[in-house]
Structures are given as C-alpha cells and as structure tokens.
Amino acid sequence: DKAGFKHFMAKEIAEQPSVLADALGAYLDGESINIPSEDLDFNKVDRLTLVACGTAYYACLTAKYWFERLAHLPVEVDIASEFRYREPPVLPGTVALFVSQSGETADTLAALRYCKEKADKIVSVVNVETSSIARESDLALPIHAGVEVGVASTKAFTCQLNVLLLLAIKAATARGIMPESDAAALLAELRALPGLFNAALDRDATIEKAAKQISEARDVLFLGRGLMYPLALEGALKLKEISYIHAEAYASGELKHGPIALIDKTVPVIVMAPHDSLFDKTVSNMQEVMARGGKVCLITDAAGAAQAGEGVWQVITLPAVDERLSPLLYALPAQLLAYHAAVAKGTDVDQPRNLAKSVTVE
Ligand code: F6R
C-alpha cells in the first residue's frame with residue numbers, strides 16, 4: 001500500500017521521521033542503550049571488521065568514522081564480494097559485523113560464513129529478522145525499518161546508520177572514551193532527529209527544482225569530506241540506480257588528484273557540506289569546481305549557506321544538526337534528489353531496470 005504516494009520509494013522516504021523514532025525507541029531504555037554487554041562486550045573487542053554490499057556498505061563506511069572517532073576502535077570495512085575471496089586474516093579480538101537489509105545477500109552471507117570459527121563474534125545488523133544472515137549470527141540486531149518495497153534502499157539505510165551509531169556510542173562508553181553524560185547528550189540529539197527529518201522533508205519543493213535540472217545532465221559528481229564522503233557515495237549510487245544518470249562520488253580532497261579534469265559547465269556537482277569542522281576545506285574544493293565553470297548544488301545548513309552560498313547554482317538548506325548525526329539527516333536530500341530526478345526522467349522508480357531487491361546469487 002503506497003498510502004497515497006505515487007511510488008513506494010516516496011512513501012518510504014517520507015515515513016523516515018516516524019520509522020526512525022520507533023527504531024530508536026526499540027533500542028533505548030531511558031538513557032541506556034538496550035544492547036546487553038553479555039551479548040557484546042566492547043571491552044573485549046580489539047577491532048571491528050564491517051562487511052556488506054551496496055548501500056549497506058556505505059552505512060558501514062559511515063560507521064567506521066563513528067567507531068574510530070567516538071570509541072577509538074580500529075575498523076576495517078570491506079565489500080563482501082571482495083572480502084570473501086581474498087582470504088583476509090581475522091585476528092583474535094575481532095568482531096565481524098555484517099550489514100544487510102534483506103539478510104539474504106549471497107556475498108555477505110558467504111563473508112559471514114568465512115568469519116565463523118575465526119572471529120570472536122559474528123554480529124549482524126539486518127531488517128529481516130528471520131533471514132539467513134540473522135540466523136547464522138551470534139547476535140542479530142534488527143534495524144526495525146519495516147518492510148522496504150522500493151528496490152532503492154532509503155529508510156533501511158537511515159535505520160542501519162541508527163543501529164551502527166548506537167553501537168559506536170555503546171563502544172565509546174564501555175571503553176571509557178566517552179563519559180556517560182556525553183553519551184546521554186548525544187542520545188538526546190538523536191531523539192530530536194525525527195523532528196529535523198520533518199524539516200528536511202519540507203525542503204522537497206527546492207530539492208525537486210534542483211533535481212529537474214540535474215535530470216538533464218549526462219554525468220553528475222558528488223563531493224563530501226569526513227562523514228559526508230560515504231554519504232556522497234550513497235547519493236551517487238541512489239541517483240544512478242533509479243535515474244540511470246552516470247554519477248560518481250569523490251572525497252573532496254581527491255578532486256585535484258584527477259576528477260577535477262571532468263569539470264565543465266555540463267557537469268552538476270552536488271556538494272554535501274554541513275557547517276562542521278571540515279566545512280572550510282570542502283568549500284575550497286567547491287570553489288575550485290566553480291572556478292572551472294562547474295555547476296554546484298550545495299547541500300548545507302543556514303550557517304553554511306550564509307558563508308558560501310554566494311554564486312552557487314543551487315543551495316539546499318537543511319536544519320543545523322550535531323555534526324556526528326549529519327549522515328542521517330543528509331541522507332534525506334540525497335534520496336529526494338535521486339527520486340525527483342528519476343521521476344523527471346520517467347524511469348520505473350520502484351523497479352529500476354536490471355536490479356533486484358534481494359541479490360541471492362553472486
Ligand atoms: C541500493 C541497494 C543495494 C543494496 C545491496 C545490499 O539502493 O538497495 O545496493 O543495499 O544490494 O542489499 P542488502 O542490504 O539486502 O544486503
């Protein structure tokens with residue numbers, strides 16, 4: 001049931017405020033995170049290996065920043081189809097964590113089976129609780145996104161981020177890196193996020209206008225730094241899979257190491273840059289793009305727009321958010337941009353060509 005929306009994807013994007021609130025509620029017990037230490041004791045963990053495919057892989061890349069920054073925990077992230085055939089050593093003290101919406105992705109399941117008997121613990125972050133990946137894990141953490149029908153993952157991505165962030169906060173307090181009071185403050189910000197999601201969804205008309213113009217391009221670049229880099233990758237994947245527009249993402253700092261050669265007035269460049277500690281760096285990359293005639297669509301907040309919005313082709317202004325939470329909020333405009341570009345192109349949004357919701361063959 002599309003609940004009055006034209007596509008399941010539109011419905012699944014729009015329901016994220018309530019889905020996230022519920023998903024968070026399922027893990028919070030007052031101020032404490034409901035993941036028992038008997039199940040996962042971060043004091044005994046030396047490193048994490050995160051493995052997944054596609055959008056779930058980008059959730060893992062985001063989580064690397066969180067686990068490293070908040071919990072000082074070393075993290076490796078890998079694409080399941082690469083990990084499984086490389087015979088990577090899995091050292092004692094490793095927790096292997098697999099992220100999968102369907103819980104049936106063949107490569108992710110094979111990577112999980114490879115880690116059995118090698119890793120100290122197999123943890124999965126899944127949407128389908130009865131799935132193979134959930135069943136074969138020592139600990140399966142549901143993301144509580146509800147059924148996702150659109151082939152392009154949207155609410156599952158934000159709910160995967162939610163569980164991964166909770167795990168990082170749990171690790172940070174268990175390892176004594178983050179005081180309980182700081183964790184409580186961050187959780188309070190997280191509880192407020194559904195309200196900010198609503199404010200982001202209110203920018204729909206502006207995003208649609210930008211998306212219509214972007215839909216005319218042959219190639220689109222996404223740039224981001226820090227936590228916004230995995231999100232740029234996710235934005236590019238979303239755009240290419242449903243609108244069939246060629247889109248690539250780069251870490252902003254990599255621009256001058258090659259991709260800047262692509263820039264001309266026909267290439268829209270989506271810059272994802274909240275006004276955070278890395279903002280000035282990203283803006284200087286953005287200005288390099290503009291100096292070469294590139295058309296920039298800047299996704300930022302009011303402070304960012306005031307500082308750098310001048311002369312920019314399109315500005316999408318989101319509410320300000322704690323910088324550690326920005327990937328969750330900035331996922332929404334990335335999804336809406338792809339959605340509206342696909343609608344403008346008239347593609348089959350919920351069933352894009354050549355793609356399946358669950359990839360059970362490698
Ligand atoms: C992109 C998308 C895919 C999946 C990938 C992994 O929108 O949906 O990239 O994220 O196929 O699927 P799961 O999470 O089911 O393992």
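The basis for the numbers below is simple: all heavy atoms, side chains too, and nothing from hydrogens, waters or symmetry mates. All residue numbers refer to positions in the sequence shown, counting from 1. Keep in mind that what you see is a predicted model, and the values were worked out from it rather than measured.
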- Flag the pair Asp120 / Thr94 as yes when at least one side-chain heavy-atom distance between them is below 4.5 Å, and no otherwise. no
- Note on the structure: When rounded to the nearest 0.5 Å, the distance separating CG of Leu91 from CD of Glu76 is 8.5 Å
- Query: Quick one: CG on Leu337 to OG1 on Thr206, what's the gap to the nearest 0.5 Å?
  - Reply: 10.5 Å
- Electrostatic pair Arg86-Asp78, nearest N-O below 4.0 angstrom: yes
- May I ask you to check whether His246 and Asp219 show a side-chain donor-acceptor distance below 3.5 Å? yes
- Quick one: are Leu231 and Thr62 in side-chain contact, heavy atoms under 4.5 Å? no
- Query: Counting N and O atoms only, with roles assigned by atom type, does the side chain of Thr108 sit under 3.5 Å from a partner on the main chain of Ala80, one being a donor and the other an acceptor?
  - Reply: no
- Task: Evaluate side chain to side chain contact (heavy atoms under 4.5 Å, CB included) for Val271 paired with Asn285, printing each intermediate quantity in order.
- Result: CA-CA 9 Å; Val271 178; Asn285 301 129; over 6 Å; no
- Full working for side chain to side chain contact (heavy atoms under 4.5 Å, CB included) between Thr49 and Leu97: CA-CA 6 Å; Thr49 294; Leu97 194 152; over 6 Å; no
- Query: Does Asp350 use its side chain to pair, donor to acceptor, with the backbone of Phe8 at less than 3.5 Å?
  - Reply: yes
- Message: Quick check: closest heavy atoms across Ser326 and Met228, and the distance to 0.1 Å?
- Response: OG-CE, 3.3 Å
- Here the pair of heavy atoms bringing Ala308 nearest to Met286 is O-CE, 3.6 Å
- Item | Ala341 versus Ser215, closest heavy-atom pair with distance | O-CB, 3.7 Å
- Step by step, work out the side chain to side chain contact (heavy atoms under 4.5 Å, CB included) result for Lys209 and Lys212. CA-CA 5 Å; Lys209 201 176 118 231; Lys212 278 199 173 131; 6.0 Å; no
- Message: Just so I know, are the side chains of Ser252 and Tyr229 near enough to count as touching, which here means a heavy-atom distance under 4.5 Å?
- Response: no
- Message: If you define the side chain from C-beta out and look only at heavy atoms, does anything of Leu201 sit under 4.5 Å from Leu332?
- Response: yes
- Return the minimal non-hydrogen interatomic distance between Ala134 and Val126, and the atom names on each side. CB-CG2, 3.9 Å
- Message: Quick one, Tyr58 and Cys53 - any side-chain contact, counting heavy atoms below 4.5 Å?
- Response: no
- Side chain of Ser358, backbone of Thr360: donor and acceptor closer than 3.5 Å? no
- Is it possible for you to say whether Leu233 and Leu255 belong to one hydrophobic cluster, with membership spreading through side-chain heavy-atom contacts below 4.5 Å? no
- Item | Donor-acceptor pair, side chain of Arg203 and main chain of Ile316, under 3.5 angstrom | no
- Query: Hey, is Asp348 close enough to Arg353 for a salt bridge, meaning N to O under 4.0 Å?
  - Reply: no
- Under 3.5 Å donor-acceptor, Tyr114 side chain and Pro88 backbone: yes
- Task: Check whether the side chains of His144 and Asn127 place a donor and an acceptor atom closer than 3.5 Å, and report yes or no.
- Result: no
- Item | Validation row: Glu362, Arg84 side chains within 4.5 angstrom (heavy atoms) | yes
- Using 4.0 Å as the upper bound for N to carboxylate O, is an ion pair formed by Arg69 and Glu323? yes
- Query: Between the main-chain N or O of Ala273 and the side-chain N or O of Arg225, is there a donor-acceptor pair closer than 3.5 Å?
  - Reply: no
- Task: Give, for atom CG of Leu328 and atom OG1 of Thr158, the distance between the pair rounded to the nearest 0.5 Å.
- Result: 6.5 Å
- Under-4.0 Å salt bridge between Arg292 and Glu288: no
- So, are Lys116 and Glu136 salt-bridged, with charged N and O less than 4.0 Å apart? yes
- Task: Provide the closest heavy-atom pair for Cys60 versus Ala52 in the form atom of the first, atom of the second, distance.
- Result: SG-CB, 3.9 Å
- Message: Quick check for you: to the nearest 0.5 Å, what is the distance between Leu167 atom CG and Tyr27 atom OH?
- Response: 7.5 Å
- Task: Answer with yes or no whether the hydrophobic clustering places Leu186 together with Phe67; edges join I, L, V, M, F, W, Y residues whose side-chain heavy atoms lie under 4.5 Å apart.
- Result: yes
- Task: Might you point out which heavy atoms bring Thr266 and Ala217 nearest each other, and give the distance in Å?
- Result: O-CB, 4.0 Å
- Just by distance, do the side chain of Lys2 and the backbone of Lys11 share a donor-acceptor pair under 3.5 Å? no
- Query: Honestly curious: do Leu109 and Val361 fall in one hydrophobic cluster under the side-chain, below-4.5 Å linking rule?
  - Reply: no
- Between Tyr339 and His7, is a side chain to side chain donor-acceptor pair (under 3.5 Å) present by the stated rule, with each step listed? CA-CA 10 Å; Tyr339 174 74; His7 300 98; 2.7 Å; yes
- Query: Is the number of heavy atoms from other residues, nucleotides or ligands under 6.0 Å of Glu68 CD greater than 12?
  - Reply: yes
- In terms of hydrophobic clusters joined by side-chain contacts under 4.5 Å, are Leu161 and Val128 together? no
- Take Asp107 and Thr105 through the test side chain to side chain donor-acceptor pair (under 3.5 Å) and record every step on the way to the result. CA-CA 6 Å; Asp107 282 321; Thr105 299; over 6 Å; no
- Task: Please answer whether the main-chain N or O of Ser32 pairs with a side-chain N or O of Asp29 as donor and acceptor at a distance below 3.5 Å.
- Result: no
- Item | Donor-acceptor pair, side chain of Asp138 and main chain of Ile122, under 3.5 angstrom | yes
- Query: Can you tell me how far CG of Leu70 sits from OG1 of Thr173, rounded to the nearest 0.5 angstrom?
  - Reply: 10.0 Å
- Message: Side chains of Ser153 and Thr55 only: does a donor on one sit below 3.5 Å from an acceptor on the other?
- Response: no
- Flag for Asp280-Gln307: side-chain donor and acceptor within less than 3.5 Å: yes
- Stepwise side chain to side chain contact (heavy atoms under 4.5 Å, CB included) check, Leu40 with Val95: CA-CA 9 Å; Leu40 185 55; Val95 164; 4.1 Å; yes
- Task: Sort out for me which residue in Glu15, Glu12, Gln101 forms a side-chain hydrogen bond (donor to acceptor under 3.5 Å, both in side chains) with Lys155.
- Result: Glu15
- Quick one: are Leu239 and Ile270 in side-chain contact, heavy atoms under 4.5 Å? no
- Query: Between the main-chain N or O of Ser137 and the side-chain N or O of Ser124, is there a donor-acceptor pair closer than 3.5 Å?
  - Reply: no
- Query: Under the 6.0 Å and 45° cation-pi test, does Lys240 pair with Tyr244?
  - Reply: no
- Task: Let me see the working for Glu189 and Arg324 under salt bridge (charged side-chain N to carboxylate O under 4.0 Å, His left out), right down to the final yes or no.
- Result: CA-CA 10 Å; Glu189 300 278 353; Arg324 295 165 293 184; over 6 Å; no
- Report whether Val125 and Phe83 are members of the same hydrophobic cluster (ILVMFWY, side-chain heavy atoms less than 4.5 Å apart, transitive linking). no
- Query: Quick one: CD on Gln16 to CG on Leu329, what's the gap to the nearest 0.5 Å?
  - Reply: 10.5 Å
- Task: Evaluate the side chain to side chain donor-acceptor pair (under 3.5 Å) criterion for residues Glu104 and Ser132: first the C-alpha distance (whole Å), next the side-chain angles of each, then the deciding distance (0.1 Å), finally the verdict.
- Result: CA-CA 6 Å; Glu104 300 297 346; Ser132 307; 2.6 Å; yes
- Message: In the structure I gave you, are the side-chain heavy atoms of Leu190 and Leu166 within less than 4.5 Å of one another anywhere?
- Response: yes
